[in-house]
Amino acid sequence: MSSKQDLEGLLFVSGEVGISLANLADLTGFSKPAIRNMLDELSHEYQSNQDSALQIIESNETYRLTTKKELSSLLGKYFEQPLQSSLSPASLEILSIIAYKQPITRVEIDSIRGVQSGATIQNLVARDLVCEVGRLDEPGRPKTYGTTSDFLDYFGITDLKELPDLPQIKTADETNDSTGDLFLKEFNQSAVITEKDGEQDE
């Protein structure tokens with residue numbers, strides 16, 4: 001694996017939060033000037049490649065991998081699709097975790113699921129089902145997430161108290177069972193009930 005591939009992978013998993021130059025240096029062992037040069041090369045490759053949908057943006061020495069602005073119209077159409085046809089199991093799983101544990105950080109969500117969640121959270125934010133509700137007073141000032149009124153509308157409820165109770169939640173390190181599967185099962189049961197109620201009302 002090349003050095004630029006290392007950086008590309010780290011940019012991808014960092015999602016909308018991005019990753020700082022200092023963090024990239026700590027993780028890869030390369031100097032900051034070397035990383036800047038590699039990121040500049042990678043960014044140039046994206047920009048010069050007409051077939052690439054990606055670009056790298058930088059702000060205050062924090063780098064993010066995003067889609068090119070030329071795709072904004074197409075991506076807007078994607079996000080306008082009916083949620084029932086475009087929400088993945090991972091999206092529903094993360095939605096359920098946020099609903100029951102909010103306010104919660106991306107790192108805490110990753111700990112529960114055992115996998116990276118940044119890109120999916122970004123998708124849910126874009127769909128107005130999840131939003132940033134604050135930041136923790138700790139290094140890095142990580143964002144905390146919560147559900148929105150659109151989330152309530154989608155599942156046909158008026159208050160989070162209407163969600164079913166769940167057993168004690170453990171992190172992925174504390175149990176060999178899939179906590180995410182437990183969330184998803186209970187959450188989908190709730191969604192099915194509300195959808196049936198909606199059909200009866202019609």
Side-chain angles (χ1 to χ4, degrees), residues 1-81 83 85-95 97-98 104-145 148 172 180:
M1 181 177 291
S2 71
S3 303
K4 285 191 289 188
Q5 281 182 311
D6 292 341
L7 297 179
E8 188 176 39
L10 290 169
L11 286 169
F12 177 79
V13 298
S14 66
E16 65 169 322
V17 176
I19 186 168
S20 69
L21 184 64
N23 199 0
L24 287 170
D26 289 340
L27 291 169
T28 63
F30 294 108
S31 67
K32 290 183 179 180
I35 290 174
R36 282 196 186 95
N37 288 336
M38 285 186 283
L39 288 173
D40 286 343
E41 290 177 7
L42 193 57
S43 179
H44 177 71
E45 290 174 10
Y46 286 142
Q47 291 296 338
S48 60
N49 184 356
Q50 299 272 327
D51 294 325
S52 174
L54 303 177
Q55 65 178 353
I56 296 174
I57 61 174
E58 181 269 337
S59 177
N60 297 322
E61 293 196 337
T62 295
Y63 295 82
R64 290 192 295 133
L65 189 63
T66 70
T67 53
K68 291 177 179 176
K69 60 183 180 181
E70 292 86 351
L71 293 173
S72 59
S73 177
L74 175 63
L75 298 181
K77 292 179 182 178
Y78 170 77
F79 288 122
E80 289 171 0
Q81 292 182 107
L83 290 174
S85 65
S86 56
L87 280 183
S88 66
S91 295
L92 288 170
E93 182 181 314
I94 291 173
L95 262 180
I97 292 172
I98 294 174
I104 186 171
T105 66
R106 179 182 61 82
V107 171
E108 291 171 324
I109 296 170
D110 292 347
S111 177
I112 291 173
R113 299 183 67 227
V115 294
Q116 292 284 343
S117 307
T120 307
I121 293 173
Q122 187 174 1
N123 188 315
L124 293 172
V125 170
R127 294 179 179 280
D128 292 325
L129 293 173
V130 167
C131 66
E132 178 186 341
V133 295
R135 288 180 178 266
L136 296 185
D137 187 16
E138 59 182 50
R141 299 278 293 165
K143 297 177 182 178
T144 57
Y145 294 94
T148 65

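What you are looking at is a predicted structure, and each value in this text was computed from that prediction instead of being measured.
Looking at heavy atoms from C-beta onward, Ser3 lies in side-chain contact with Phe30 at the 4.5 angstrom threshold. The shortest distance between side-chain heavy atoms of Leu65 and Ile57 does not fall below 4.5 Å. Side-chain contact between Arg64 and Glu58 is absent, with no heavy-atom pair separated by less than 4.5 Å. Contact of the Val130 side chain with the Ile94 side chain is not registered, since no non-hydrogen atoms from C-beta on lie closer than 4.5 Å.
When every heavy atom of Ile56 is checked against every heavy atom of Leu39, the shortest pair comes out as CD1-O, 4.1 Å. A pairwise comparison of heavy atoms in Leu24 and Tyr63 identifies CD1-CD1, 4.5 Å as the closest pair. Looking at every heavy atom in both residues, Arg127 comes nearest to Asn123 through NE-OD1, 2.8 Å. In terms of heavy-atom proximity, Ala90 sits nearest to Arg113 at CB-NH2, 3.7 Å. Val13 and Arg106 make their closest contact through O-NH1, 4.2 Å (heavy atoms, listed as atom of the first residue, atom of the second, distance).
Between Ser59 and Thr62, the side chains place no donor N or O within less than 3.5 Å of an acceptor N or O (distance only, hydrogens not considered). When only modelled atom types and interatomic distance are considered, Glu8 and Tyr46 share a side-chain donor-acceptor pair under 3.5 Å. Asp110 and Ser117 share a side-chain donor-acceptor pair at under 3.5 Å.
Residue Asp26 qualifies as enclosed at atom CG: its count of foreign heavy atoms under 6.0 Å is above 12. Atom CG of Asn49 sits in a crowded spot, with more than 12 heavy atoms from other residues, nucleotides or ligands closer than 6.0 Å.
Using a distance-only test at 3.5 Å, with no hydrogens or angles considered, a donor-acceptor pair links the side chain of Lys68 to the main chain of Ser52. Listed for the Ser111 side chain is no donor-acceptor partner under 3.5 Å among the backbone atoms of Val107. Under the 3.5 Å distance criterion, the side-chain polar atoms of Gln55 are matched with a main-chain donor or acceptor of Thr67. Thr120 places no side-chain N or O within donor-acceptor distance of the main-chain N or O of Ser91, the cut-off being under 3.5 Å. Between the side chain of Glu108 and the backbone N or O of Thr105, at least one donor-acceptor pair lies under 3.5 Å. Between the side chain of Thr144 and the backbone N or O of Gly134, at least one donor-acceptor pair lies under 3.5 Å.
Taking CG of Leu11 as the start and OG of Ser43 as the end, the distance is 10.0 Å to the nearest 0.5 Å. Between the CG atom of Leu129 and the CG atom of Leu124 there is a distance of 6.0 Å, given to the nearest 0.5 Å. Expressed to the nearest 0.5 Å, how far CD1 of Ile98 lies from CD1 of Ile104 amounts to 7.0 Å.
A salt bridge links Glu45 with Lys4; the closest basic N to acidic carboxylate O contact falls under 4.0 Å. Arg36 and Glu61 are joined by a salt bridge, as a carboxylate oxygen and a charged side-chain nitrogen come within less than 4.0 angstrom of each other. Between Arg135 and Glu132 a salt bridge is recorded (basic side-chain N to carboxylate O distance below 4.0 Å).
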Chi angles and distances behind the side chain to side chain contact (heavy atoms under 4.5 Å, CB included) call for Thr66, Leu54: CA-CA 6 Å; Thr66 70; Leu54 303 177; over 6 Å; no
